[in-house]
Amino acid sequence: MNKPSNADWLARSQAAVWHPCTQMQHHVQTGSPGHLPLVPIARGEGAWLVDFDGKRYLDGISSWWTNLFGHANPRINAALKDQLDILEHVMLAGFTHQPVVELSERLSALTGGALGHAFYASDGASATEIALKMSFHYWRNIGRPEKAEFLCLQGSYHGETVGALAVTDVAIFKDAYAPLVRAATVIPSPDFRQAEAGESPADVARRAAAALASHLEKHGEKIAALIIEPLVQGAAGMAMYDPEYLRLARQLCDRHNVHLICDEIAVGCGRTGTFFAHEQAAIRPDLMCLSKGISGGYLPLSIVLSSDTIYNAFLDDSVARAFLHSHSYTGNALACRAALATLDIFERDNVLAANREKARKIAATLAPLADHPQVRHLRQHGMIAAFDVSTTDPNFSRKFYRAALDREALIRPIGNTVYLMPPYIVSDEEIGHLGAAITNALADALGS
Ligand SMILES: *Cc1c(COP(=O)(O)O)cnc(C)c1O
């Protein structure tokens, strides 16, 4: 019997699997300009993915920003194999277990005890909705039910369920469903690409904060929370901004009694250089969302961490004042154990220090691109590096992606923004491989 090849899996997947974030016709219709073959993956090895024909791809975007320490990581695998024989899952209402307790304690410690209460779900969008519901319900519980509206930034992305779309400002995800959504107010982003002549990134941050201030002065009484992606707005196209914005936003939220929700789903877990991105502004949010990297990229897990003040406002004899949100797999033991193994690696390998070196290597590798006539805004925050490509070709993103695959690299631009967000185990040699793939894919995609 022949082993199935890429072509077999590709055909079966196209027929039976409805793929996310995808116009399926682009997979199915060969010969069309948008045609994009699926890549069936047989196995993963460190930073590499291997297909059924034995071709390898260096995972330059951490499999949608989730994978931190490589595919099939021996230490996370060992922890999960151990956990499988102990407890795979138990309902978290009325029950508890070792991995969920230990993970909650360790996350609390990582916030210096500021966010000491961990609420669990399975995906990032649910974490967003939980944070919004917690904020809204907090204000109702303390007798301020009029505080029921939310603020988000231009270009924000907090997930795609109907509730999370309320605070997501990416047209391609939102426009089709706008009639279903109770939209939040969108305020200017501190994205430093918007700098006017002579403005520094901190100046752009102060200008955006001034817009937030004037909105809060007029409408603060009705606003429950501001939700932000600290330092990097990922899905907007790796829009980066100065930590000054976080400091000012924190002050303004305090002044107007508005919660600050930090969505660290993409930027948390060491991605921008500190364990949490908000630490770079020396502030703490009232609520924080985590997902993606927290389980090492292994299992669906998300967490909302909350302050004592918020948590305490739900304590009462009345059940209606409790936070009754629930998911079947809340606090899944395997996912929590994967997260504990991930945190162990952070501690034992001194990952944040090692990443500083790798970030320097990435910067040095990409630096020559700054001279490319069509490259704009080469930028970086820790282990996220990005640049924009000046082209009017509507198919640039797909062409670049395919050209990178041809050069054994998984790099999937967001519109005209090319970015790297590799797993932290990427070696210097592999960074060089990604750099060469980018340079060559850029030439291919631009037809130069
Ligand atoms: C990915 C992401 C989400 C949504 O997480 P899902 O698990 O995909 O629902 C929310 N916020 C940010 C900042 C993200 O990057």
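Values below: all heavy atoms of this structure, side chains included; hydrogens, waters and symmetry mates excluded. Note that ligands are numbered from 1 as they come in the structure, with each ligand's atoms numbered from 1 the same way.
- The only member of Gln374, Arg376, Arg193 that meets side-chain hydrogen bond (donor to acceptor under 3.5 Å, both in side chains) when paired with Asp388 is Arg193.
- Environment of OH in Tyr311: sparse, with no more than 12 heavy atoms of neighbouring residues, nucleotides or ligands closer than 6.0 Å.
- Between Asp349 and Arg75 a salt bridge is recorded (basic side-chain N to carboxylate O distance below 4.0 Å).
- The aromatic ring centroids of Tyr138 and Phe314 lie 6.0 Å or more from each other.
- Sorted by chain then number, the residues whose non-hydrogen atoms approach ligand 1 to under 4.0 Å are Trp65, Asp123, Gly124, Ala125, Tyr157, His158, Gly159, Glu229, Asp263, Ile265, Ala266, Lys292.
- Taking a cutoff of 4.0 Å between a charged side-chain nitrogen and a carboxylate oxygen, Arg271 and Glu264 do not qualify as a salt bridge.
- Residues Phe276 and His278 bring their aromatic ring centres within 6.0 Å.
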